[in-house]
Amino acid sequence: MALTEIAIKSAKLKDKPYKLSDALGLYLLVQPNGSRLWRLKYRYSGKEKLLALGRYPEINLRVARERRDEARLLLKEGKDPAAERKTKKHEARIAVKNTFESVAFEFAEKQNVVWTTGYRKATLRRLELNIFPDLGRSPIAEITPLQFLEVVRKIEARGATELAHRMTQVCGQIFRYAVIEGRCPRDITTDLRGALIPHVTKHMPAIRPGELPELLIAIKGYDGEPLVRLGQQFLALTFVRTGELIGAMWPEFDETETLWYIPAPRMKMKLEHLVPLARQTRELLTQLRAVNGQRRFVFASPAKPHKHISNNTLLYALYRLGYHSRMTGHGFRAVASTIFNEQRSEGRHSFDRDAIERQLAHVERNKVRGAYNRAEYIITRREMMQWWADYLDEQAGGQFVEPAQSED
């Protein structure tokens with residue numbers, strides 16, 4: 001006799017589990033604790049097996065019969081319903097793991113060796129804002145070039161052409177990673193070549209070498225926070241990246257060897273970098289010790305001593321000096337590179353091109369070779385850095401770094 005909803009609802013609890021049979025192997029198992037569980041008894045390859053079909057009342061009698069009938073169809077095709085269910089669950093887990101978003105996070109995690117923490121966070125944030133809302137949950141292997149193009153054109157529509165190109169580049173890296181991992185057939189972003197609005201790269205503002213004297217004199221006369229003036233002077237003397245400067249910690253400086261060892265995790269390309277300390281730079285360090293010598297960071301924030309100053313602190317100081325849209329902290333690198341190469345090409349100094357590139361921490365193509373040659377050309381680089389500091393003194397009309405005032 002077939003089951004009815006009334007019979008199920010009126011079933012009383014007993015001390016032991018018992019069955020309410022329906023038909024074709026389907027039954028409801030009534031437990032002493034009140035739970036009612038659908039089960040299907042069937043035979044496969046001569047063995048009796050049991051398949052769970054859900055819990056009543058979440059699965060009512062009609063749905064339970066539908067699931068039974070689906071299982072019986074599989075049996076007719078020679079398939080084991082229980083094995084098929086396991087396969088589908090496994091495929092579902094793989095599908096979740098293979099969404100574009102999941103693969104993107106996995107790829108970003110693998111880049112920890114070459115990406116800085118800040119770059120990783122910024123990249124994932126851009127993906128979360130611009131790509132994941134449309135494609136994040138899509139299986140990466142099923143995303144088509146047209147779908148991807150529609151997403152990046154939304155970015156273009158906001159006028160963010162540079163971001164559209166950058167996101168295409170990053171997503172291309174993610175697709176190529178998925179190809180290597182066997183989770184995607186190919187990198188679809190290659191089909192978009194020529195489809196995006198061309199973007200003209202804008203270099204960070206930097207003054208011309210002829211404008212350097214005026215800037216150095218302005219920095220010397222900076223009347224704001226003294227630590228900021230010292231930071232600007234240090235940046236001009238060492239021409240490191242602003243992020244590398246503000247994160248400097250005292251143990252990185254070896255004043256016996258007169259070298260600043262910037263550890264790999266703080267460098268853009270995760271390779272340790274050496275900065276020879278010219279006499280003027282060592283004088284700056286003496287003055288900085290008087291301000292922040294007891295703190296972790298060389299450029300510890302006056303407002304929050306446990307943290308360092310921000311990139312914007314130095315940038316806004318340049319704005320205050322009248323260099324808005326004319327100069328940035330990064331601009332010191334461009335100015336130094338231009339002057340060194342001019343001196344070399346005009347025969348005034350025999351600065352080695354490779355030594356210049358090494359001091360600018362530009363990574364060579366052979367990254368393995370670069371990793372083991374952080375001190376390459378160090379003698380030449382010491383001479384270069386002292387020449388540069390003396391050159392800044394000359395351009396500033398005297399001493400670019402004034403000696404600390406004696407208390408006597």
Side-chain angles (χ1 to χ4, degrees), residues 1-107 109 127-128 131-144 146-148 150-151 174-175 178-179 181-186 188:
M1 182 176 176
L3 267 178
T4 63
E5 286 285 347
I6 294 175
I8 294 171
K9 290 177 181 177
S10 61
K12 295 181 179 180
L13 302 183
K14 297 182 181 180
D15 294 337
K16 295 181 179 180
Y18 69 96
K19 302 174 183 177
L20 292 177
S21 297
D22 184 49
L24 302 174
L26 178 65
Y27 67 86
L28 188 70
L29 181 65
V30 182
Q31 300 276 33
N33 63 4
S35 64
R36 293 167 167 79
L37 308 172
W38 291 109
R39 297 288 185 264
L40 176 65
K41 186 167 64 174
Y42 66 98
R43 296 188 72 83
Y44 183 78
S45 295
K47 295 181 181 179
E48 188 174 283
K49 305 189 79 172
L50 206 59
L51 184 66
L53 298 181
R55 179 188 298 269
Y56 183 90
E58 288 86 356
I59 303 299
N60 60 27
L61 179 59
R62 178 183 59 79
V63 176
R65 286 171 175 166
E66 288 175 356
R67 292 189 175 183
R68 174 200 63 195
D69 294 341
E70 289 170 1
R72 286 173 60 81
L73 281 174
L74 289 172
L75 285 167
K76 286 183 179 179
E77 295 171 4
K79 299 175 182 177
D80 181 356
E84 289 295 308
R85 175 180 290 181
K86 286 181 182 178
T87 300
K88 285 185 177 180
K89 284 183 178 179
H90 178 65
E91 290 173 348
R93 284 194 295 270
I94 290 176
V96 170
K97 187 180 177 183
N98 287 346
T99 63
F100 183 84
E101 183 173 336
S102 296
V103 176
F105 273 100
E106 186 180 315
F107 169 74
E109 191 66 29
L127 287 167
E128 287 168 353
I131 305 296
F132 292 168
D134 292 298
L135 299 177
R137 294 185 179 181
S138 302
I140 193 167
E142 296 178 13
I143 297 173
T144 67
L146 184 57
Q147 285 176 316
F148 188 80
E150 288 175 354
V151 173
I174 295 167
F175 277 109
V179 171
E181 291 288 311
R183 291 146 74 181
C184 180
R186 67 189 189 90
I188 62 165

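Shown here for I140 and R183, the closest heavy-atom pair between the two residues is CG2-O, 3.5 Å. The minimum heavy-atom distance between P81 and L75, with the atom names listed, is CD-CD2, 3.7 Å. A178 approaches V103 most closely through the heavy-atom pair CB-CG1, 4.1 Å. Residues E128 and P133 approach most closely at O-CD, 3.2 Å, considering heavy atoms. Closest heavy-atom contact between S21 and Y27: CA-CB, 3.8 Å. Here the closest non-hydrogen pair linking L20 and A7 is CD1-O, 4.4 Å.
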Enumerate, atom names and distances included, each donor-acceptor pair closer than 3.5 Å involving a side-chain atom of residues 30-38, sequence neighbours excluded.
unit_1 : atom_1 : unit_2 : atom_2 : d
N33    : OD1    : S35    : N      : 3.0
N33    : OD1    : S35    : OG     : 2.9
R36    : NH1    : G34    : O      : 3.1
R36    : NH2    : A11    : O      : 3.0
W38    : NE1    : I59    : O      : 2.7

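Atom CZ of R65 is surrounded by more than 12 heavy atoms from other residues, nucleotides or ligands within 6.0 Å.
I6 CD1 to L61 CG: the interatomic distance, rounded to the nearest 0.5 Å, is 11.5 Å. In this structure, the separation between CD1 on I174 and CD on E106 is 11.0 Å, given to the nearest 0.5 Å. Atom CG in L29 sits 7.5 Å away from atom NZ in K19 (nearest 0.5 Å).
Side-chain contact between I188 and T144 is absent, with no heavy atoms from C-beta onward closer than 4.5 Å.
Among pairs with a residue in residues 52-64, those fulfilling side chain to side chain donor-acceptor pair (under 3.5 Å) read E5-Y56, R62-E66, at least two apart in sequence or across chains. For residues 43-54, the side chain to side chain donor-acceptor pair (under 3.5 Å) pairs, not counting sequence neighbours, are K49-D80.
A side chain to side chain contact (heavy atoms under 4.5 Å, CB included) with R67 holds for exactly one of L40, L26, L51, L53; it is L53.
Below 30°, between 30° and 60°, or above 60°: for F105 and F132 the angle between ring planes is between 30° and 60°, a tilted geometry. Ring geometry for F175 versus F100: interplanar angle of 30 to 60°, hence tilted.
Looking at D22, its side chain does come within 3.5 Å of a backbone N or O of L3 through a donor-acceptor pair.
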